[in-house]
Amino acid sequence: MSVNYKIAIDGPAAAGKSTVAKRVAKALNYTYIDTGAMYRAVTYAVIKAGLDPQNEEQSITVLPGMSIDLLEDDTVLCNGEDVTAVIRTPLVSGNVSYIAAMKPIRLALVDMQRELANKRSVVMDGRDIGTYVLPNAEVKIFQIASVECRAKRRYDENVLKGIPTSMEDVIEDVKKRDYIDSHRDFAPLRQADDAIPLDTSDMTIEEVVDAILKIVEEKTGVKA
Ligand code: DC
């Protein structure tokens, strides 16, 4: 029987985790799982239903029967609807931390995430993958970068996608999410004791990917 390896990449908002995780997954031929997209999809569903994303009692009513599919080509489906673009808009980004702080929502999504990781080798990025979702992951990376650097990356990403934003708004959003994500009661953003920290402020994407692949090889013997 072949082994299913789990690579966990955690870190604060806009640290470049998804770009890196996607490339690492491709190099290893593993499945990339963007857990942030799942919290964003729930946030979108809550807003679309006209509910208040700061109200837990209201927000959890979208959970029963909800489906979230992460497709190979990065398309995100929520109840069959293509939400790939809308989940990156400021309205969703500005509310997702409230949704991600709700325990019943986290428990539902963590179940889905663990089920996905049981079936195949995965590279999973998020905030609590190494500490809570996959505590036995063979490789745990904690990817950080300065607030300015992260805001600039997110700003450039938005420009590229045609999403109108100002640099000030992006900095505020990144700071606000850092605070809420690391101060929530349940499974907050935190470096796992056995995670390897990687400050990517002065690194190119290629350098980060290479560094992670080297760690994967050292820890598992798996070569890209
Ligand atoms: O990585 P991202 O910016 O797409 O994540 C969106 C939000 O979801 C972020 O504010 C924190 C939350 N999140 C989380 O709490 N746990 C995860 N495993 C992934 C994301």
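Each ligand, and each atom within it, is numbered from 1 in the order the structure gives. Keep in mind that what you see is a predicted model, and the values were worked out from it rather than measured.
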Short side-chain to backbone donor-acceptor contact, K6 and N118, under 3.5 Å
no
Determine whether a donor-acceptor pair (N or O, by modelled atom type, separation under 3.5 Å) exists between the side chain of T200 and the backbone of I144.
yes
With heavy atoms and a 4.0 Å threshold, my read on which part of R40 contacts ligand 1 is side chain
No-hydrogen, no-angle side-chain donor-acceptor test under 3.5 Å, D173 and S93
no
Measure from NZ or CZ of R127 to the centre of the six-membered ring of F186 and say whether it is under 6.0 Å with the direction within 45° of the ring axis.
no
Test: E157 and R88 ion pair at under 4.0 Å
no
Which one holds for R127 and ligand 1: side chain close, backbone close, both close, or neither close, with close meaning a heavy atom under 4.0 Å?
both
Report yes or no: does a heavy atom of K176 sit under 4.0 Å from some atom of ligand 1?
no
Can you pull out the closest protein heavy atom to atom 16 (N) of ligand 1? Residue, atom name and distance to 0.1 Å, please.
R106 NH2, 2.9 Å
Ligand 1 atoms in contact with D128 (distance to a heavy atom under 4.0 Å):
16 (N), 17 (C), 18 (N)
What atoms in ligand 1 come closer than 4.0 Å to a heavy atom of G126?
17 (C), 18 (N), 19 (C)
Heavy-atom distances under 4.0 Å decide this one: backbone, side chain, both or neither, for M124 against ligand 1?
neither
Do R150 side-chain atoms and A145 backbone N/O form a donor-acceptor pair below 3.5 Å?
yes
Mind checking whether A13 has a heavy atom under 4.0 Å from ligand 1?
no
Looking only at the side chains, is there a donor atom on one of Y32 and D125 sitting less than 3.5 Å from an acceptor on the other?
yes
So which heavy atom in the protein is nearest atom 12 (C) of ligand 1, and how far is it from that ligand atom?
A100 CB, 3.6 Å
Using a 4.0 Å cut-off to any heavy atom of R88, which atoms of ligand 1 qualify?
4 (O)
Under 3.5 Å, is there a donor-acceptor pair between the side chain of Q143 and the main chain of G11?
no
What's the shortest distance from atom 6 (C) of ligand 1 to any protein heavy atom, and which residue and atom give it?
R177 NH1, 3.6 Å
Pair K219-E138, side chain to side chain contact (heavy atoms under 4.5 Å, CB included): steps then yes or no:
CA-CA 7 Å; K219 294 255 178 195; E138 285 75 13; 5.6 Å; no
Quick test: of every protein heavy atom, which one is nearest to atom 11 (C) of ligand 1, and how far off is it to 0.1 Å?
D181 OD2, 3.3 Å
Look at the side chain of D10 and the backbone N and O of D128, then say whether any donor-acceptor pair between them is shorter than 3.5 Å.
yes
Please confirm whether T35 comes within less than 3.5 Å of ligand 1 when only nitrogen or oxygen atoms on both sides are compared.
yes
At a 4.0 Å threshold, what atoms of ligand 1 neighbour a non-hydrogen atom of S97?
10 (O)
Output yes when a side-chain donor or acceptor of R177 lies under 3.5 Å from a complementary backbone atom of A13, and no otherwise.
no
Using distance alone, decide if ligand 1 has a nitrogen or oxygen within less than 3.5 Å of any nitrogen or oxygen in D34.
no
What about D125: any of its N or O atoms under 3.5 Å from an N or O on ligand 1?
no
For ligand 1, is R184 a contact, meaning one of its heavy atoms is under 4.0 Å away?
yes
